[in-house]
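Side chains included, hydrogens not; waters and symmetry mates left out as well; all remaining heavy atoms used. Both counts, for ligands and for their atoms, begin at 1 and track the order of listing.
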Amino acid sequence: MAEFFDVVIAGGGPAGSTAGTLLAKRGWNVAIFEKEKFPRFKIGESLLPGSVRTFERMGVKEKIDKADVIVKHGGKIVSACGTRSNRFLFCDVFRCKYPTAYHVERAMFDQLLLDHSAESGCRVSQGVTVTDATFDADGVTVQTSNGSFRARYLIDASGRNSLIGARFKLRRTYPHLRKFALYAHFEDVDREPGIDGTLIKMVRGKDRWIWMIPITAKKTSVGIVLDAETFKRMRLSPEEAFNEILQQNPMASNQMRQARRVTEVHAMGEFSFRSKRLTGDRWVLAGDAAGFIDPVWSSGVFIAVLSGEKAADMLDRVLREPARRLAEFNRYEQKIGRVMDLYLRFVTSWYTQEFAEVFFYPKEFFKVVPAVNSVLAGSEKQLPEVRWRLWIFHVLVFLQKQFAMIAPRMSLQPKSAPL
Ligand SMILES: Cc1cc2nc3c(=O)[nH]c(=O)nc-3n(C[C@H](O)[C@H](O)[C@H](O)COP(=O)(O)OP(=O)(O)OC[C@H]3O[C@@H](n4cnc5c(N)ncnc54)[C@H](O)[C@@H]3O)c2cc1C
């Protein structure tokens, strides 16, 4: 007889560990199978305040506060031409509840969350891959590299190469978001004093942008996102392209004069997609398995934690009252879909020239549209109030595109060397 669990979770990243912790705290018998042995390198280091409420609920916030993390107060976006910048602080957010978030080194952070799941009562197995799942009227049989298990429900939190997504061919890419990312960790990148040194810095070029994220007292994550086509045309290795783009950017290279790279240069393409469905008879997708939009605006871990939390709450209700399953699953799909839609529109807009022009000039517009700030803060609770304000922002961007009536045109080219 296969060992039985109420819920089996494939994947021990933020989505899986959030769901596992919350279900175990409600008394359910939960197993998390994680393919890797933690700690392992992972990208996705800049978090949003919207997750802090969930961390409190999970009882893990105090542990995060004691770890080697950077308390993030907001971000600073600068134009590659160096003429404009816009600093946003979460404390200025519309009806701010959580004025800070975190920058984290994911190797440490994911391990901390997963250890917390184990302490909360989950059976956590690292180095165990979920290889298959077969569904029937009563539940699911989960095959792993360590034997087979029975459960009433499966949460697939296995990330961008989702097991269920591949099995049911659910993955849909966004044709307008064919991007390519290059990234590495550095030590001794210059930091500004005070709060400014805690901000995520984004340098917005014409067809690319650079992030600089302080992730520990010593380490900074530096990454570049550009069109996949542009990277191909460069005919360079990831490391060569990474170095060349940074050198061409006076702001980044200036800040990195003393910097020492401490990881290899990682490269990733085809990361933007969404699953056609997020639930099935006995399964639920959470986190990247449900979809990932783009690194800009740091929505990845926010949506992973949010969907992990909502999946746990929903399954808790369904396990108590199985008759509610269909309605609960539909509500989950709608809720996560709405958050993804909001970010998708905002991300799509970011990659237009007119977005940058409105965003950077004049600064007052940024204040007139506090929803932009709220989206950056990842405040799911404010969605309805956020939506119409964000709509005004998109109207401004539209007017800028058609008539350039909000701001003067910008080059977005670095001064010394063209991007
Ligand atoms: C270039 C880039 C930059 C990014 N920057 C940011 C950022 O600044 N901020 C942000 O919030 N997000 C960012 N993200 C997104 C972020 O990385 C993800 O959204 C986040 O990690 C999703 O968490 P998750 O738990 O869903 O998946 P993951 O973190 O991917 O965890 C999934 C886990 O499942 C395990 N697994 C996979 N298959 C199996 C299996 N078959 N059986 C068992 N275990 C399995 C994996 O080993 C992994 O540990 C970025 C993404 C990219 C591509």
Novice: Please determine whether any non-hydrogen atom of Ile43 lies less than 4.0 Å from an atom of ligand 1.
Specialist: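 It does; at least one heavy atom falls under 4.0 Å.
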
Novice: Counting only heavy atoms closer than 4.0 Å, does ligand 1 sit against the backbone of Met268, its side chain, both, or neither?
Specialist: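 Within the 4.0 Å criterion, Met268 contacts ligand 1 through side-chain atoms alone.
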
Novice: Taking atom CZ of Arg235 as the centre, does the number of heavy atoms from other residues, nucleotides or ligands within less than 6.0 Å exceed 12?
Specialist: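 It does not: Arg235 CZ has 12 such atoms or fewer within range.
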
Novice: May I ask you to establish whether Arg282 and Phe135 are in a cation-pi arrangement, using a distance under 6.0 Å from NZ or CZ to the six-membered ring centre and at most 45° from the ring axis?
Specialist: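 Ring-cation test returns no.
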
Novice: I want to confirm something. Looking only at heavy atoms, which of Lys35, Lys42, Glu34, Lys179 is nearest to atom 46 (C) of ligand 1?
Specialist: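 Shortest heavy-atom distance from atom 46 (C) of ligand 1: Glu34.
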
Novice: If we ignore angles and hydrogens, is there a donor and acceptor under 3.5 Å between the side chains of Ser272 and Lys179?
Specialist: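 Ser272 vs Lys179: no donor-acceptor pair found between side chains.
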
Novice: Determine whether any heavy atom of Gly223 lies closer than 4.0 Å to an atom of ligand 1.
Specialist: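 The answer is no: ligand 1 sits nowhere under 4.0 Å from a heavy atom of Gly223.
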
Novice: What is the closest protein heavy atom to atom 27 (O) of ligand 1, and at what distance does it sit?
Specialist: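 Protein heavy atom with the smallest distance to atom 27 (O) of ligand 1: Gly159 CA, 3.8 Å.
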
Novice: Assess Arg167 against Trp283: is NZ or CZ under 6.0 Å from the centre of the six-membered ring, and within 45 degrees of the ring's axis?
Specialist: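 Judged by the rule (NZ or CZ under 6.0 Å from the ring centre, within 45° of its axis), Arg167 is not positioned above Trp283.
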
Novice: By number and element, which atoms of ligand 1 are closer than 4.0 Å to a non-hydrogen atom of Thr129?
Specialist: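 In order of number, 40 (C), 41 (N), 42 (N).
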
Novice: Is the NZ or CZ atom of Arg171 both under 6.0 Å from the centre of the six-membered ring of Phe273 and within 45° of that ring's axis?
Specialist: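 Pair Arg171/Phe273 counts as cation-pi.
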
Novice: Where is the nearest protein heavy atom to atom 13 (C) of ligand 1: which residue, which atom, and how far?
Specialist: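 For atom 13 (C) of ligand 1, the nearest protein heavy atom comes out as Gly44 CA, 3.2 Å.
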
Novice: What residue and heavy atom of the protein are closest to atom 2 (C) of ligand 1, and at what distance?
Specialist: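 Answer for atom 2 (C) of ligand 1: Pro295 CG, 3.5 Å.
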
Novice: Distance under 4.0 Å to a non-hydrogen atom of Glu36: what atoms of ligand 1 satisfy this?
Specialist: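 Near Glu36, the atoms of ligand 1 are 47 (O).
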
Novice: Between Trp211 and Trp209, what is the ring plane arrangement, given parallel below 30°, perpendicular above 60°, and tilted in between?
Specialist: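 Geometry flag for Trp209 against Trp211: tilted rings.
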
Novice: Classify the ring geometry of Phe393 against Phe346: parallel below 30°, tilted from 30° to 60°, perpendicular beyond 60°.
Specialist: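 The rings of Phe393 and Phe346 stand perpendicular, inter-plane angle above 60°.
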
Novice: For atom 11 (O) of ligand 1, which of Ile303, Leu182, Val301 has the closest heavy atom?
Specialist: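 That would be Val301.
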
Novice: Counting heavy atoms only, which part of Arg40 comes closer than 4.0 Å to ligand 1: side chain, backbone, both or neither?
Specialist: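 The answer is the side chain of Arg40.
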
Novice: As an exercise, identify every atom of ligand 1 less than 4.0 angstrom from a heavy atom of Ala181.
Specialist: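 Taking each heavy atom of Ala181 in turn, ligand 1 has 1 (C) under 4.0 Å.
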
Novice: Could you tell me if any non-hydrogen atom of Asn161 lies under 4.0 Å from any atom of ligand 1?
Specialist: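 It does not, in that no heavy atom of Asn161 comes within the 4.0 Å cut-off of ligand 1.
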
Novice: Does a side chain donor of either Ser17 or Ser117 reach within less than 3.5 Å of an acceptor in the other side chain?
Specialist: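 On atom types as modelled, these side chains do not qualify, holding no pair under 3.5 Å.
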
Novice: With heavy atoms only and a cut-off of under 4.0 Å, state how Val128 meets ligand 1: side chain, backbone, both or neither.
Specialist: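 For Val128, the contact with ligand 1 is made by the backbone alone.
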
Novice: Can you see whether Gln126 engages Lys35 through a side-chain donor-acceptor pair at a distance of less than 3.5 angstrom?
Specialist: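 Side-chain D/A pair, Gln126 to Lys35: absent.
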
Novice: Got a sec: does the CG of Leu326 have more than 12 other heavy atoms crowding it under 6.0 Å?
Specialist: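 Incorrect, the count does not exceed 12.
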
Novice: What protein heavy atom sits nearest atom 26 (O) of ligand 1, and how far away is it?
Specialist: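 Going atom by atom, the protein heavy atom closest to atom 26 (O) of ligand 1 ends up being Asp288 N, 2.8 Å.
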
Novice: Got a sec, which residues hit ring pair (Phe, Tyr, Trp, His ring centres under 6.0 Å) with Phe55, two or more places apart in sequence or on another chain?
Specialist: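 Testing Phe55 for ring pair (Phe, Tyr, Trp, His ring centres under 6.0 Å), a comparison that skips the adjacent residues, returns Phe109.
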
Novice: Using a strict cut-off of less than 4.0 Å between a Lys/Arg side-chain nitrogen and an Asp/Glu carboxylate oxygen, indicate whether Asp138 and Arg152 qualify as a salt bridge.
Specialist: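 Salt bridge absent between Asp138 and Arg152.
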
Novice: Relative to ligand 1, is Ala157 under 4.0 angstrom through side chain, backbone, both or neither, heavy atoms considered?
Specialist: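 The part of Ala157 near ligand 1 is the backbone, not the side chain.
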
Novice: Using a 4.0 Å heavy-atom cut-off, which part of Phe33 comes near ligand 1: side chain, backbone, both, or neither?
Specialist: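 Just the backbone.
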
Novice: For atom 9 (N) of ligand 1, which candidate among Ala304, Ser46, Ala286 provides the closest heavy atom?
Specialist: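 Heavy atom nearest to atom 9 (N) of ligand 1 belongs to Ser46.
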
Novice: Mind checking whether Pro14 contacts ligand 1 via backbone (N, CA, C, O), side chain (CB onward), both or neither, at a 4.0 Å heavy-atom cut-off?
Specialist: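 It is both parts that get close, each with some atom under 4.0 Å.
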
